[in-house]
Structures are given as structure tokens and as C-alpha cells.
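Here is how names work: the chains are called A, B, and so on, in the same order as the sequence lines, proteins then strands, and each is numbered from 1. All values derive from a computational prediction rather than experimental measurement.
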Number of protein chains: 2
Amino acid sequence: MKSKLKMKFLQQASAIKALSHPTRLLIVNMLSKRDICVCELTKAIGNDISTVSKHLSVLKNAGLVDINRKGNRIFYKLKCPCILEFMSCVAKILEISAKEKRRHI
Amino acid sequence: MKSKLKMKFLQQASAIKALSHPTRLLIVNMLSKRDICVCELTKAIGNDISTVSKHLSVLKNAGLVDINRKGNRIFYKLKCPCILEFMSCVAKILEISAKEKRRHI
DNA sequence: TGTCTATTTTGCCAAATAACCAAATACATG
DNA sequence: CATGTATTTGGTTATTTGGCAAAATAGACA
């Protein structure tokens, strides 16, 4: 049996993994402003709609977004705004790391 | 040419990707307490040492850890403690997501 | 220098991921 | 019910990832 700690990291890693793709970050960023349907996201992203739909299902399976049907369109919605906090953590880490790099040149 | 925004998300995604594996989260967790050498990490993790070394190089390439040789051992060091903030963001997201799930059962 | 220990690199394989296209599904409305 | 629009699913292909084992490298020290 896996230890409780390992289980926790496994769970955390899958949530993080869902956010480890630039397209999905773009999606999260757009959804942080308002709920958006697949076709509009697709226009902004530029990939095939099936590709975008698959990215959305990754986010949905990770429990990061919810769906909301209106007529024949499906709007995606960010589940916790706290994902934005997460994103600013990432930005901060990158900033610090870049600063470090500059210092060592 | 890629837009500046897309570049930013690409960069952020690679940092996040480096943290999207349970073994690497375990490593980060251990390194948050003190600097540790590869062999000790290997003992705690249970994989082959070459596998652990590869995970460490992923973290190093992402700019998340630094190395520090002492005698014939190499100690790994967490570069920004802010990664822990990041981890508590993740924990918070999961907590909220789990709470949501319970409510909908 | 030769040997020991610690670590990294390389080669290989299986599994996972991401992209596209085509086909299937879901719903709205004529 | 038939058609149109929005979305998802399945198949295919190319790339990446994660694991181990064996070989290579780096430094310590006799």
C-alpha cells in the first residue's frame, strides 16, 4: 500500500499536471475573466476545436473547471478563483529564478 | 512569431511541468527542510538512483534547484522557498475541489 | 596513478501526450 | 422528423516521459 504522503503527492501532481500545458494556462487565464464557450476559446487559441475540447476535458477531470450548458453551447467556468493565486506564485518563482540567472552571468 | 502572452504561458507551463510528478514533489518537500544529496534522496524514494538523478536534472533545468558539491557528494538545494507557497496553493485548490465534490453527491 | 564512492549519461522500451481528421452525439429550431 | 450548429469521441501518428541497467564521469584519497 502506498503511504499517505505519497498518495497526497500523487494527487497534487495530477492537479499540477493539468496546468502544465501552455494552452491550458491560456484557457484558465481567459476563464478567469468570464465563462466562455468552446468555440470562442477555439478562436482565441487557434488549434482544432477537437484539440481544445480535449484540453478542456483535462481541466474538467482535474476538477478545475465546471460546465454550464446554455442552448446548444457549453460554457466553461473556473471552479476556484484561487487558481489565479497559484498562477501568480508561478510567476513569482520564474521572476526570482530569472533574477538569480542574471546575477550569475 | 509567438505573441508575448503565449511565450509567457509557454515558460510558465514548463516550470509547472517540472513540478507535475509525484516523485519530484516529494523531492521538493524533502529539500524544503534541508539540502540533501542524491543517495539519501534515492533511499527515501525507492527508485533506481539513475531515475532520481534524472528527476533532479529536470528540477535543475527548470531552475528550481541548485547544486552544491561537498567532497564527493552533491547536495541539492531548493532555489526559492516560495515553491512551498505554490504547494500550499495546490493543496488549497484540491481542498476546495474536494469540498465541491462532496456537496454535489 | 589506481581504486573507491557518488553521480550523471546513454541506450532501450513501454506508456502517456498532443496534434489532426473524421465520425458520432447533443440540442435547437424549422 | 430533418437539418444545422456546437461539442465530444475515436483513430492515427509523432513526440515526450519515466523507468531500469550498463557505461561513463568526477572527485577523494591511499
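- Toward the 5' end of DNA chain D, the nearer of the two residues A:Ser57 and B:Asn47, judged by each one's closest nucleotide, is A:Ser57.
- Protein atom CD1 of B:Ile74 is 8 Å distant from nucleotide atom C1' of D:dA26, rounded to whole Å.
- Counting distance only, with no hydrogens placed and no angle test, the side-chain atoms of B:Lys70 and the base atoms of D:dG27 include no donor-acceptor pair under 3.5 Å.
- Regarding contacts with the backbone of C:dA19, a side-chain N or O of A:His21 is found under 4.0 angstrom from either OP1 or OP2.
- Cluster membership check: B:Val58 does not share its hydrophobic cluster with B:Ile36, using side-chain heavy-atom separations under 4.5 Å among Ile, Leu, Val, Met, Phe, Trp and Tyr.
- With rounding to whole Å, B:Ile45 atom CD1 is found 14 Å from C:dT7 atom C1'.
- When the P atom of C:dA24 is taken as reference, atom CD1 of A:Ile49 falls 18 Å away, rounded to whole Å.
- If you check D:dC20, C:dT7, D:dA6 against the side chain of A:Asn72, the one that comes closest is D:dA6.
- In terms of position along DNA chain C, the nucleotide closest to A:Thr51 lies nearer the 5' end than the nucleotide closest to the other residue of the pair A:Thr51 and A:Arg69.
- The phosphate of D:dT8 has OP1 or OP2 within less than 4.0 Å of a side-chain N or O from A:Tyr76.
- Taking the charged nitrogens against the carboxylate oxygens, A:Asp66 and A:Lys77 have no contact shorter than 4.0 Å, which rules out a salt bridge.
- Within the 4.0 Å cut-off from OP1 or OP2 of D:dT8, at least one side-chain nitrogen or oxygen of A:Ser53 is found.
- The A:Cys37 side chain lies nearest to D:dT7 when the options are D:dT7, C:dA6, D:dT9.
- Put simply, A:Ser50 has no side-chain N or O that comes within less than 4.0 Å of OP1 or OP2 on C:dC20.
- To the nearest 0.5 Å, the span separating CG on B:Leu59 from OG1 on B:Thr23 amounts to 10.5 Å.
- Between A:Lys17 and A:Cys39, the residue anchored closer to the 5' end of DNA chain D is A:Cys39, taking for each the nucleotide with the nearest heavy atom.
- Between A:Lys92 and B:Glu85 there is a salt bridge, since at least one side-chain N of the basic residue sits less than 4.0 Å from a carboxylate O of the acidic one.
- Distance CG (A:Leu59) to C1' (D:dT8): 15 Å, rounded to an integer number of Å.
- The side chain of A:Arg24 contributes an N or O atom lying less than 4.0 Å from OP1 or OP2 of C:dA18.
- OP1 or OP2 of D:dG19 lies within a sub-4.0 Å distance of a side-chain N or O belonging to B:His55.
- Note: CZ (B:Arg73) to C1' (D:dT25) measures 19 Å, nearest angstrom.
- Distance, A:Lys60 NZ to D:dT8 P: 7 Å, rounded to whole Å.
- The OG atom of A:Ser57 sits 7.0 Å away from the OH atom of A:Tyr76 when rounded to the nearest 0.5 Å.
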